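This report concerns only the one structure given below.
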Amino acid sequence: MIIAIGADHGGFYLKSQIMEFLKEFGYKVNDLGTYKDEPVDYPDYARAVSQEILQNKADRGILICGSGVGACVAANKFPGIRSAICHDTFSAHQGVEDDNINVLCLGARVIGTELAKEIVKVWLAAEFSGAERHKRRLDKVNEIEREFLKR
Ligand code: RB5
């Protein structure tokens, strides 16, 4: 599985920790920046990670900013991206199993490195259940996207 990862300055340090962790487990990681801790804008990294997934260059993405909020809001603007902030392991696996999220957002100023690693591990191990009710709900989400893109 190929993971695209991006962070703003707030998530820069946690990104390097998560990347090391992912590589240890044999994942291929596409690091889309930022590459230093100078202030940058989170939408640029949300764009980079989202496009990597939409262009099939990565299977899933991880976005890290200070709170996880800005990156998550920005990523969800890309049709086809389903991102969520998960700061607990339950949301991390259920977000994939039920809601098929393809981008995990983390807030580096909210959670510590060890919890972040646990969350990433659980998120990566989870798969969409494919259950009829979840497909139906996701179809409705897609319908909202289609309807409002037309305006
Ligand atoms: C940057 O200071 C901060 O606003 C950003 O990292 C993030 O927390 C936004 O949601």
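Computed from a prediction, not measured in an experiment: that's the story for all the values here. Every heavy atom of this structure was used, including side-chain atoms; hydrogens, water molecules and symmetry mates were not. Read the numbers this way: they start at 1 and go in the same order the structure lists the ligands and their atoms. Throughout, residue positions are numbered sequentially from 1 according to the sequence presented.
For Tyr13, the OH atom sits in a loose shell: 12 or fewer heavy atoms of surrounding residues, nucleotides or ligands are nearer than 6.0 Å. Heavy-atom neighbours of Glu127 CD from other residues, nucleotides or ligands within 6.0 Å: at or below the threshold of 12.
Minimum interatomic distance between Lys23 and Val29 (heavy atoms only, all atoms of both residues): CG-CG2, 4.2 Å. The minimum heavy-atom distance linking Ala75 with Ala46 is given by the pair N-CB, 3.9 Å. When every heavy atom of Val40 is checked against every heavy atom of His9, the shortest pair comes out as N-ND1, 3.1 Å. Heavy-atom minimum distance, Leu106 versus Ile119: CD2-CG2, 4.1 Å.
For ligand 1, the protein residues within 4.0 angstrom (heavy atoms only) are Asp8, His9, Tyr42, Cys65, Gly66, Ser67, Val69, Gly70, Arg109.
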